[in-house]
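Take a look at the structure set out below.
Values below: all heavy atoms of this structure, side chains included; hydrogens, waters and symmetry mates excluded.
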Amino acid sequence: RASANQDGGQASGGGQSGGQFTVQAGIFSTKGRADAVVRQLQSNGVAAQAVPMQGKPLFAVQCGRYPSRASAQAKANQLKQLGFEAIVKE
């Protein structure tokens, strides 16, 4: 099971560009670990990207932009079913 908050974009299946909400599938202390989770997500058909967190030496894995909290939550629930921890961020 992948963990969303363990240490060390655009989504397929409904992600919308320019949306207010995103799904975060982890925060990691190294880009390598974040990239590994991105690859895991991509192997499950989910577009994801590792994004440096402003002012912090951390990388967030984000999946898509969604126009509503409900649509983002639906993607988060899908990721949870795949074994990832995921939260909706505004």
Side-chain angles (χ1 to χ4, degrees):
R1 179 181 173 120
S3 174
N5 292 312
Q6 60 186 312
D7 191 37
Q10 300 302 321
S12 62
Q16 302 291 322
S17 63
Q20 179 177 353
F21 300 91
T22 188
V23 176
Q24 183 172 287
I27 297 176
F28 304 91
S29 62
T30 67
K31 186 160 186 341
R33 180 67 184 119
D35 286 342
V37 172
V38 167
R39 286 190 298 275
Q40 288 178 322
L41 288 162
Q42 290 172 340
S43 73
N44 283 287
V46 178
Q49 59 185 347
V51 179
M53 295 185 71
Q54 188 172 2
K56 299 178 184 177
L58 301 170
F59 297 87
V61 174
Q62 296 180 347
C63 308
R65 300 294 301 172
Y66 299 88
S68 69
R69 183 174 293 278
S71 60
Q73 188 61 56
K75 177 56 81 174
N77 291 343
Q78 177 190 11
L79 295 183
K80 289 176 183 179
Q81 289 177 353
L82 293 171
F84 295 92
E85 294 180 23
I87 59 171
V88 174
K89 302 288 284 186
E90 188 168 355

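Here the straight-line distance linking atom CD of Gln49 with atom CD of Gln42 works out to 10.0 Å at 0.5 Å rounding. Gln40 CD to Asp35 CG: the interatomic distance, rounded to the nearest 0.5 Å, is 11.5 Å. With rounding to the nearest 0.5 angstrom, the CD1 atom of Ile87 is 10.0 Å from the CD atom of Gln73. Rounding to the nearest 0.5 Å gives a distance of 8.0 Å between CG of Leu41 and CG of Leu82.
With a 4.5 Å cut-off on side-chain heavy atoms, Phe84 and Asn44 count as touching. Here the side chains of Val23 and Tyr66 are in contact, with some heavy-atom distance below 4.5 Å.
In terms of modelled atom types and a separation under 3.5 Å, the side chain of Thr22 and the main chain of Gly64 share a donor-acceptor contact.
Of all the heavy atoms in Lys31 and Ala50, the pair that sits closest is NZ-CB, 4.5 Å. What you find for Ala76 and Val88 is that their closest heavy atoms are CB-CG2, 4.2 Å. The minimum heavy-atom distance linking Leu58 with Ser29 is given by the pair CD2-CA, 3.8 Å. Between Gln24 and Ala60, the shortest heavy-atom contact is OE1-CB, 4.0 Å. Listed here is the closest heavy atom pair of Ala25 and Cys63: CB-SG, 4.3 Å. Counting all heavy atoms, side chain and backbone alike, Ala48 lies closest to Val38 at O-CG1, 3.5 Å.
Residue pairs meeting the salt bridge (charged side-chain N to carboxylate O under 4.0 Å, His left out) criterion with at least one member in residues 39-49: none, sequence neighbours excluded.
Every residue meeting the side chain to side chain contact (heavy atoms under 4.5 Å, CB included) condition with Glu90, not counting sequence neighbours, appears here in chain and number order: Gln20, Phe21, Arg69.
When hydrophobic clusters are built by joining Ile, Leu, Val, Met, Phe, Trp and Tyr residues whose side-chain heavy atoms come closer than 4.5 Å, directly or via intermediates, Phe59 is not grouped with Val51.
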